[in-house]
Amino acid sequence: QQNVQQSPESLIVPEGARTSLNCTFSDSASQYFWWYRQHSGKAPKALMSIFSNGEKEEGRFTIHLNKASLHFSLHIRDSQPSDSALYLCAVKGSGTYQRFGTGTKLQVVP
Amino acid sequence: EAAVTQSPRNKVAVTGGKVTLSCNQTNNHNNMYWYRQDTGHGLRLIHYSYGAGSTEKGDIPDGYKASRPSQENFSLILELATPSQTSVYFCASGGQGAHEQYFGPGTRLTVL
């Protein structure tokens, strides 16, 4: 069964900092990888996805994927208070559905 | 924008009572999902469905049943609610393979 782990559990960074969130998975046949963002009291919403090794950038957000290391990450450049949220990674392996990590709670302080 | 709605948004139930949580999607997605979210556990999949008439067990199905009477509607049923089922429940819909999931606003369930 796919095991998805996130680190750190929580993070406090100053406004303008570069933030890095990590996700590891156990199924080497995993094909699809997402980051979801969930603001307090709201529903999770997909932020970015990546399906092949390498890097993908969208605005201030960048995903890195290294399938051989069973690891992918989300990097936020110039972090803003509005980025404060719970970040969930999700992985779809050889099974039929996505599995989510336990989340990283990010707080960006002015 | 994909739309998923849930009802009720808040529910207080008594131990041993029956609870039904409802979900409706207007995205015409085949796949629908029920999750619960508890601090420290992220989103855990309870049941999912590939289409009308189908239900499948997720990672934590014990104590829950599901029903998918139509493409648009997916229900989660707690026949005998227990305090351990106090949680926030999210419904989601999604397409096949690489498609993301779209979540409803959640239902906060308290079982006393």
Side-chain angles (χ1 to χ4, degrees), chain A residues 1-10 21-27 29-52 56 58 61 63 65 72 74 85-106, chain B residues 1-7 9-10 21 23-25 27 29-51 54-61 66 68 74 87-108:
Chain A
Q1 176 171 311
Q2 174 86 273
N3 183 26
V4 181
Q5 298 291 328
Q6 289 186 240
S7 64
E9 287 187 13
S10 63
L21 310 177
N22 299 292
C23 186
T24 60
F25 53 96
S26 60
D27 183 353
S30 296
Q31 298 175 302
Y32 308 117
F33 307 85
W34 294 265
W35 284 99
Y36 287 76
R37 183 168 67 181
Q38 184 180 20
H39 286 109
S40 182
K42 302 295 185 182
K45 186 172 183 180
L47 184 63
M48 285 183 71
S49 59
I50 191 166
F51 305 140
S52 58
K56 180 179 179 182
E58 291 182 3
F61 299 88
I63 297 182
L65 171 62
F72 70 112
L74 176 69
L86 180 70
Y87 288 78
L88 297 158
C89 65
V91 181
K92 187 176 184 299
S94 52
T96 54
Y97 49 84
Q98 298 177 27
R99 274 204 173 81
F100 287 82
T102 53
T104 292
K105 185 174 182 180
L106 173 64
Chain B
E1 177 82 8
V4 181
T5 57
Q6 294 182 229
S7 63
R9 295 293 313 278
N10 291 280
L21 307 182
C23 178
N24 177 275
Q25 56 109 353
N27 309 320
H29 287 152
N30 288 331
N31 299 338
M32 295 187 75
Y33 309 85
W34 275 107
Y35 296 91
R36 64 178 285 175
Q37 186 174 37
D38 305 284
T39 302
H41 290 279
L43 287 166
R44 292 184 290 174
L45 184 65
I46 305 170
H47 284 287
Y48 62 102
S49 169
Y50 293 123
S54 94
T55 60
E56 305 289 339
K57 294 180 179 180
D59 293 328
I60 53 164
R68 181 90 181 268
F74 190 35
S87 187
V88 178
Y89 291 84
F90 286 99
C91 175
S93 75
Q96 303 297 334
H99 292 273
E100 68 192 77
Q101 294 183 19
Y102 295 87
F103 285 81
T107 294
R108 182 172 297 276

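In this text the structure is predicted, and so the values were computed from the model without any measurement. A, B, ... follow the sequence lines: proteins, then strands. Residue 1 opens every chain.
The choice from Q6(A), E9(A), R99(A) that makes the most heavy-atom pairs within less than 4.5 Å of chain B is R99(A).
When side chains are defined from C-beta on, Q101(B) does not count as touching W34(A), because their heavy atoms never get closer than 4.5 Å. Counting heavy atoms from C-beta on, the side chains of Q37(B) and F100(A) never come closer than 4.5 Å.
Taken to the nearest 0.5 Å, the CG atom of L45(B) stands 10.0 Å off from the CD atom of Q98(A).
Atom NZ of K56(A) is surrounded by more than 12 heavy atoms from other residues, nucleotides or ligands within 6.0 Å.
Between G104(B) and A43(A), the shortest heavy-atom contact is O-CB, 3.0 Å. Minimum interatomic distance between P44(A) and L43(B) (heavy atoms only, all atoms of both residues): CG-CD1, 4.0 Å.
Contacts of D38(B) with chain A are absent, with no heavy-atom separation under 4.5 Å from either backbone or side chain. With a 4.5 Å cut-off on non-hydrogen atoms, Y36(A) touches chain B through its side chain but not through its backbone.
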